[in-house]
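Everything below concerns the one structure shown next.
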Protein chains: 2
Amino acid sequence: MTDKRIPDSTVRRLSLYLRFLGEFEASGVETVSSEALAERGGTTAAQVRKDLSHFGSFGKRGLGYSVGALARELRHILGLGRHWNVALIGAGRIGMALFEYGPFRRRGFHISTVFDNDPEKVGQARGDVTIHGMEELAERLKEGHIDLVILAVPATVAQDVLDDVVRAGVTAVLNYAPTQLRAPEHVALRSVSMLLELEALSYALSRQRSA
Amino acid sequence: MTDKRIPDSTVRRLSLYLRFLGEFEASGVETVSSEALAERGGTTAAQVRKDLSHFGSFGKRGLGYSVGALARELRHILGLGRHWNVALIGAGRIGMALFEYGPFRRRGFHISTVFDNDPEKVGQARGDVTIHGMEELAERLKEGHIDLVILAVPATVAQDVLDDVVRAGVTAVLNYAPTQLRAPEHVALRSVSMLLELEALSYALSRQRSA
DNA sequence: CGCATCTTGTGAAGTCTTTCACAAATCAAC
DNA sequence: GTTGATTTGTGAAAGACTTCACAAGATGCG
């Protein structure tokens, strides 16, 4: 009922459900059925119930789920009640776009430290943080109690930087560099690649055109 | 052997294999085994062979795959031989970071048109393209022979813009707005959400901490 | 209260994806 | 040309995820 290995797809859907619950809450709805959540998210009611059932039973038969209560549960399951201390490595265009992206902070992801290896940038202030040189990485990651690192560096150096990050004891990394990285088992590593997504679309397009 | 429904996971891995082949090529290797590709990509040799077998047989038993030939095949399968005409909607921070991201063009994705609804921005030039107002959307999408749209607009208007895009006949969309969008069956729609990824990491972190 | 209606939670069935395991193909060496 | 060492391509088995379908709990109404 709880624990065990949860499919990654389930975790992602939980995030979506949480988003939808926010919308329902904003529009004054107090109760939702699995059917309503499914319709909003392009999935099925059974899927919604199965996803939730991995973690407990949060609904009332005949009634559905309390919007507020379920949102609280999901936030708890996803670890979103708390404040995560984030470091951004790479203050280039993508890095800074991420840095200035509002919703992160609103959800509890607080970018408290920024690194870059460009001497021009080191020392500059961005909002309320200062850009640090890469030589300070190990020390600052440890002493800053960083929970999570966002990697926005060129592909060529990504693996090296990741190794440093892991060595400094960080166990969660979100990678934006377009390269396949390796990390020890105990480190949660996710990669986002715009190229990969575009290529999947390119595949779909070719399919469409030749059909 | 060819065609049929290909798992999305397979398509994504093909993109990865192509990346690795580029690396192998750069380092002068002429032949790779499924084992070598698997090791590089964190999967298994059987998986690599199965993935490729959906599209044909490209290797030589006892030898492996020719790096150059397999790369060509993959580019063809993924539709990357050609030039895709891309429109970017939304010239905000994320939009412009995408616009200036070099690798797109190198892979054949050419952003030829940019839209934004901010009167301040409309008319300005960015590189060799001019930012157009949203009222020109329908006409320019059609006449510009746009294959693919990148959506980088606020979540609140994303669905409306998507509807316009679909109505203009575009059949492939990459969405960066943090909202769940709906499109007709025949439209290939993918969404990238940094928040979703971060939340999955947050889940993993909670797991780690409580274990 | 009893009956009709609704909606959850969940085993069981079904479907999709990955892994296994081995015959067949290729090459080198003797 | 036969043997030995490789490595592919692929049915079959195993595993993972999704969908089905229904009992059980909850509510409202006469």
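Proteins come first, then strands; the chains are lettered A, B, ... in the order of their sequence lines, and each starts at number 1. All values below were derived from every heavy atom in this structure, side-chain atoms included, with hydrogens, water molecules and symmetry-related copies excluded.
- If you measure from atom CG of A:Asp51 to atom C1' of C:dT10, you get 14 Å, rounded to the nearest angstrom.
- Of the candidates D:dT8, D:dT10, D:dT19, the closest approach to any side-chain atom of A:Lys50 belongs to D:dT19.
- Rounded to whole angstrom, the span from the CG atom of A:Asp8 across to the P atom of C:dC16 amounts to 20 Å.
- A:Val32 places a side-chain heavy atom less than 4.5 Å from the side chain of A:Leu21.
- When each of D:dT19, D:dT8, C:dC27 is scored by its nearest atom to the side-chain atoms of A:Thr44, the top-ranked nucleotide is D:dT19.
- Phosphate contact (OP1/OP2 of C:dG9, side-chain N/O of A:Tyr65, threshold under 4.0 Å): present.
- At whole-Å resolution of the value, NZ in A:Lys60 and C1' in C:dG9 are 15 Å apart.
- Side chains of B:Val67 and B:Glu30 form no contact here, defined as non-hydrogen atoms less than 4.5 Å apart.
- Set against C:dT19, C:dG9, D:dT18, the side chain of A:Gln47 has D:dT18 as its closest nucleotide.
- Using the six-membered ring where Trp is involved, A:Tyr203 and B:Phe55 have ring planes that are perpendicular, over 60° apart on the 30 and 60° scheme.
- The distance between atom CZ of A:Phe55 and atom P of C:dG9, rounded to the nearest whole Å, is 14 Å.
- Distance CG (A:Leu70) to C1' (C:dG9): 14 Å, rounded to an integer number of Å.
- Ion pairing between a basic and an acidic side chain is recognised when a charged N comes within 4.0 Å of a carboxylate O; A:Arg182 and A:Asp163 show no such pairing.
- Set against D:dC17, D:dC20, D:dT10, the side chain of A:Pro7 has D:dC17 as its closest nucleotide.
- Checking A:Leu63 against B:Ala46, the closest nucleotide of DNA chain D that is more toward the 5' end is the one next to B:Ala46.
- Of the charged side-chain nitrogens involved, none lies within less than 4.0 Å of a carboxylate oxygen, so that B:Glu199 and A:Arg12 do not count as a salt-bridged pair.
- Taking atom NE2 on A:His54 and atom C1' on C:dT8, their separation rounds to 16 Å, with Å as the unit.
- Of the listed nucleotides (C:dT8, C:dA25, C:dT18), C:dT8 has the atom at the smallest distance from the side chain of A:Arg61.
- Using a 4.0 Å heavy-atom distance criterion, B:Thr43 is classed as making no nucleic acid contact.
- Distance from the side chain of A:Arg49 is smallest to D:dA21 among C:dC22, D:dA21, D:dT18.
- The side chain of A:Ser33 lies closest to C:dT8 when the candidates are C:dT8, D:dT10, C:dG9.
- For A:Ser9, whose side chain is taken as the heavy atoms from C-beta onward, the closest listed nucleotide among D:dG9, C:dT18, D:dC17 is D:dC17.
- Ranking C:dC27, C:dT8, D:dT8 by closeness to the B:Ser34 side chain, first place goes to D:dT8.
- Atom pair B:Arg5:CZ and C:dT17:P shows a separation of 9 Å (rounding to whole Å applied).
- If you measure from atom CD1 of B:Ile6 to atom C1' of C:dT17, you get 12 Å, rounded to the nearest angstrom.
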